[in-house]
*Asks:* 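Before I ask anything, let me first share the structure, which is written out below as structure tokens.
Convention: sequence-line order gives letters A, B, ...; per-chain numbering from 1.
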4 protein chains.
Amino acid sequence: MSSAPIDKPFTLAGRTFASRLLIGTGKYKDLEQTRLAIEASGAEIVTVAVRRTNIGQNPGEPNLLEVIDPARYTILPNTAGCYNAEEAVRTCRLARELLDGHKLVKLEVLADQKTLFPNVIETLKAAEVLVKDGFDVMVYTSDDPIIARQLAETGCIAVMPLAGLIGTGLGICNPYNLRIILEEAKVPVLVDAGVGTASDATIAMELGCEAVLMNSAIAHAQNPVLMARAMQHAIEAGRLAYLAGRMPKKLYASASSPLEGLIR
Amino acid sequence: MSSAPIDKPFTLAGRTFASRLLIGTGKYKDLEQTRLAIEASGAEIVTVAVRRTNIGQNPGEPNLLEVIDPARYTILPNTAGCYNAEEAVRTCRLARELLDGHKLVKLEVLADQKTLFPNVIETLKAAEVLVKDGFDVMVYTSDDPIIARQLAETGCIAVMPLAGLIGTGLGICNPYNLRIILEEAKVPVLVDAGVGTASDATIAMELGCEAVLMNSAIAHAQNPVLMARAMQHAIEAGRLAYLAGRMPKKLYASASSPLEGLIR
Amino acid sequence: MSSAPIDKPFTLAGRTFASRLLIGTGKYKDLEQTRLAIEASGAEIVTVAVRRTNIGQNPGEPNLLEVIDPARYTILPNTAGCYNAEEAVRTCRLARELLDGHKLVKLEVLADQKTLFPNVIETLKAAEVLVKDGFDVMVYTSDDPIIARQLAETGCIAVMPLAGLIGTGLGICNPYNLRIILEEAKVPVLVDAGVGTASDATIAMELGCEAVLMNSAIAHAQNPVLMARAMQHAIEAGRLAYLAGRMPKKLYASASSPLEGLIR
Amino acid sequence: MSSAPIDKPFTLAGRTFASRLLIGTGKYKDLEQTRLAIEASGAEIVTVAVRRTNIGQNPGEPNLLEVIDPARYTILPNTAGCYNAEEAVRTCRLARELLDGHKLVKLEVLADQKTLFPNVIETLKAAEVLVKDGFDVMVYTSDDPIIARQLAETGCIAVMPLAGLIGTGLGICNPYNLRIILEEAKVPVLVDAGVGTASDATIAMELGCEAVLMNSAIAHAQNPVLMARAMQHAIEAGRLAYLAGRMPKKLYASASSPLEGLIR
């Protein structure tokens with residue numbers, strides 16, 4: 001049962017999508033598992049790390065685009081593996097070339113290989129260059145509301161704060177920052193990174209995110225294909241709950257006022 | 001997409017159910033909204049407060065069973081509004097009579113009208129009588145693992161610990177107790193009460209519950225029908241995530257060991 | 001700096017205490033460490049497991065009371081190791097005999113050795129007998145508010161709900177139940193069990209508990225004597241914060257209303 | 001009872017302090033309450049918003065330094081009210097002049113008056129200028145570990161990540177980021193902002209912070225002087241617990257392994 005009739009559509013760069021789940025293509029056992037998980041997830045947007053995945057730059061080697069059909073899926077090239085603005089810009093340009101003028105990219109510039117925390121300053125630099133260069137930039141960032149706002153002002157078409165660090169599965173570490181970003185947002189806000197299990201995705205959607213992007217939560221589950229299906233339902237559940245408007249919290253049913261934030 | 005092929009069936013008293021969501025019939029605006037919400041939820045088991053709802057005891061008044069067709073739904077009469085064992089036993093017997101020998105009941109004995117906390121001692125007493133009397137007793141209780149075990153030993157066919165108090169929407173207040181109950185359980189464990197939004201139901205299922213029963217979370221949402229659909233997905237998401245096996249949590253992706261419980 | 005001038009005194013069975021920290025005597029490396037930790041904690045009430053500790057029943061063996069001077073400390077015999085009402089009652093009577101008519105006891109009846117969860121039904125039975133027999137009963141129990149109320153009605157002089165299970169160090173697993181117990185309480189409420197570190201004790205006191213009893217948090221710390229001093233400050237901090245009245249929580253400083261309980 | 005004998009000293013810019021609590025001077029009812037709260041807190045470092053407080057720039061008006069004796073307290077001028085690097089630098093220079101060459105400052109550059117979130121980019125710019133200009137810069141920042149590292153590399157003598165936004169009282173919103181900052185830190189890490197009650201300060205210290213700076217938690221408590229005393233104990237409790245080394249968390253006492261991070 002889809003939420004389509006009651007929801008406004010999820011739109012990015014002029015295209016409309018039925019699914020609010022975006023998924024990565026890395027960390028799977030093999031291309032076949034990648035394909036099955038993507039199919040099970042119902043995702044329509046699939047992100048690809050250009051520096052790690054052959055989408056044509058290595059002729060003669062297995063090409064992801066033979067498994068993920070660009071006619072069926074919106075390919076979202078990303079800059080994973082880039083640690084400064086220059087590398088990220090170069091990688092986006094390579095992707096555009098390989099994908100025949102494709103303008104939609106996911107920008108991420110990380111600070112180091114240990115924490116995989118975003119480098120927000122290099123991210124801002126790269127975003128400015130890419131926007132001027134005509135890209136439709138979806139940008140991965142920390143949950144700093146000010147940086148998120150600056151990235152939107154730069155002209156990015158979507159801001160993608162982390163729930164938790166890449167690969168941690170910690171869920172939404174700081175719902176307060178996320179809520180401030182959502183209150184202020186003038187472009188779509190997607191949670192990207194940190195989701196560990198289905199309920200994390202549901203919570204992100206309940207807070208009002210437009211969509212969620214994930215990779216490890218599916219690829220590192222014991223059964224990735226099953227988890228992909230779980231995530232499809234989790235996103236739908238969270239979106240519908242957000243639209244439905246939850247009941248207030250109370251200490252007990254007959255309490256006269258909703259629960260104040262006085263209990264940890 | 002159903003989880004049926006990969007999951008063992010959900011079985012109660014010899015009957016098998018495709019849906020792991022059980023829902024209540026109280027607190028709705030009117031019978032039509034009740035009907036629409038139940039339909040949207042995909043629930044197959046519908047619980048009815050015999051003391052508050054006409055299922056035949058008041059001939060000539062609107063009868064819930066004209067809206068909720070017993071041929072389509074499994075009716076689960078419950079003892080809401082009973083504050084001691086005797087009242088609860090009497091109410092179950094009335095239900096059996098009204099429903100032509102129906103044996104499946106949900107026992108709840110509350111302690112007071114202010115907190116709606118279960119009275120576990122009266123609950124135990126009533127459970128013993130009802131089991132001897134031939135009922136298939138699903139029993140609402142606190143999250144005390146010892147009481148849960150005793151209720152199962154009494155012969156109850158399912159144990160239904162609260163996530164939080166009835167009508168509070170607080171979600172799973174104590175996942176530790178719930179986990180101990182689940183580790184020990186010899187009968188199906190369902191979370192009953194306390195769910196406030198979709199992610200709460202997902203979390204309950206991720207912990208390993210067989211199913212979830214709720215009422216206020218749907219009936220007191222701003223849009224109950226939409227929330228009913230959210231819950232259907234939430235339950236499916238949580239069950240599939242449980243079956244899939246989530247990734248471990250880490251402080252950062254390259255950390256060598258999963259996150260110990262040292263951070264609050 | 002003591003909170004004495006601004007606080008009402010902490011009183012149990014007619015005696016007044018300056019310290020709101022009660023500590024156990026088990027699980028230490030040796031009696032000398034026990035002595036040093038108690039001293040560092042500033043505790044005035046020290047609880048002793050009569051079934052595990054020699055307080056005179058084994059003449060010729062080391063006697064705890066040579067280390068913990070009953071003239072300086074209020075000895076609180078407890079029934080640890082008792083798994084039914086009868087054992088617990090017998091143990092209290094033995095303690096009274098050994099301690100020359102001492103009436104103050106801590107009753108605990110556990111359900112099993114695996115979880116160390118209280119058996120609330122046996123606890124209630126024992127409490128009734130002991131109160132009738134003239135004991136001043138401080139009673140360890142779960143965080144079930146109804147059982148807590150029944151124990152108070154039985155005549156127990158203090159109710160001691162767990163924060164978490166004995167020996168877990170999980171802190172306050174369910175602050176909601178604890179808050180309901182505190183709202184209703186007609187006798188002093190002390191948190192007993194589950195404290196793992198200093199902030200757990202502070203939180204218990206901030207919620208309004210009269211005092212906290214702990215053992216493992218100190219005895220199983222890497223440096224028990226240091227942790228005992230930490231706990232003394234933690235209790236004082238929490239009590240003073242409770243008396244001072246904390247500021248409200250807000251999403252951001254200029255938000256017009258305190259934070260509702262809508263974020264997990 | 002002080003932790004002095006067993007702890008290494010808390011040192012900033014060559015000076016050693018017995019207290020690990022730093023407090024602000026704003027938001028009090030009047031100067032007398034400010035004075036009493038500072039005294040009750042035991043703080044030795046007191047921060048002053050140069051843009052809002054007269055420390056000599058307005059001759060003839062009440063001067064805070066008549067209440068807070070610079071001979072007794074280390075005055076820490078701060079740049080509250082500055083929204084870009086240039087204003088912050090100018091404010092520090094004014095403070096140096098007014099305080100006869102005083103080099104120790106607390107730098108904060110906020111992004112806006114609504115959220116009071118730090119502007120980390122302007123903060124970095126100002127830090128570079130101030131360090132080159134010979135200031136000893138303690139710097140307020142977000143909990144972004146990469147920015148924290150860059151600020152330390154710039155030559156700041158202490159990094160002060162927020163626990164939560166200024167004036168929110170939310171406590172430590174993201175302990176994971178704080179833990180990463182602490183793991184990596186080459187300079188003292190102090191939590192600054194977000195503390196709402198005593199246990200928040202205790203938790204910050206248990207995580208390994210060198211000290212905590214707060215203002216609203218004390219000034220906006222119902223009884224600021226009492227809360228100031230609570231905080232003194234809270235800081236001591238947290239520091240001692242950190243040094244003592246807490247017990248591991250377990251699901252139940254007899255569980256064979258510490259609790260993994262699988263429960264939320």
*Asks:* Considering all heavy atoms of both residues, which atom of C:Ala244 and which atom of D:Met227 are nearest to each other, and what is their separation?
*Replies:*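 Scanning both residues completely, I find the closest heavy atoms to be CB-N, 3.5 Å.
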*Asks:* Which pair of heavy atoms, one from C:Thr115 and one from D:Tyr252, lies closest together, and at what distance?
*Replies:*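 Minimum heavy-atom contact is CA-CB, 4.1 Å.
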*Asks:* Looking at D:Met247 and C:Val195, what are the two nearest heavy atoms and their distance?
*Replies:* SD-O, 4.1 Å
*Asks:* Closest heavy-atom contact between C:Ala237 and D:Ala234?
*Replies:*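 It is CB-N, 3.4 Å.
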*Asks:* D:Arg246 side chain to C:His220 main-chain N or O, any donor-acceptor pair under 3.5 Å?
*Replies:*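 Not confirmed, D:Arg246 side chain does not pair with C:His220 backbone.
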*Asks:* Check C:Leu170 against D:Leu251 and note the closest heavy-atom contact, atom names and distance.
*Replies:*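 Result for this residue pair: CD1-O, 4.3 Å.
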*Asks:* Is there a donor-acceptor contact under 3.5 Å from the side chain of D:Glu206 to the main chain of C:Thr197?
*Replies:* no
*Asks:* Around C:Phe117, counting heavy atoms of other residues, nucleotides and ligands shown, do more than 12 lie under 6.0 Å from its CZ?
*Replies:*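 For C:Phe117, atom CZ is crowded (more than 12 foreign heavy atoms under 6.0 Å).
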*Asks:* How long is the gap from NE2 on C:His233 to CD on D:Glu236, to the nearest 0.5 Å?
*Replies:*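 Reported value, rounded in 0.5 Å steps: 4.5 Å.
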*Asks:* Mind checking the CD1-CG spacing from D:Ile203 to C:Asp200? Nearest 0.5 Å is all I need.
*Replies:*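 Reported to 0.5 Å precision, the distance equals 8.0 Å.
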*Asks:* With only heavy atoms counted, which part of D:Leu165 is less than 4.5 Å from chain C, the side chain, the backbone, both or neither?
*Replies:*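 D:Leu165 touches chain C through side-chain heavy atoms alone.
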*Asks:* Is it the case that atom CD in C:Gln113 sees more than 12 heavy atoms from other parts of the structure closer than 6.0 Å?
*Replies:*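 Atom CD in C:Gln113 is not packed in, count stays at 12 or less.
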*Asks:* Where do C:Leu240 and D:Ala230 come nearest, in terms of heavy atoms and distance?
*Replies:*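 That closest heavy-atom pairing would be CB-CB, 3.5 Å.
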*Asks:* Quick check for you: among D:Asn223, D:Ile218, D:Leu116, which has the greatest number of heavy-atom pairs under 4.5 Å with chain C?
*Replies:*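 When all of D:Asn223, D:Ile218, D:Leu116 are compared, D:Asn223 has the most.
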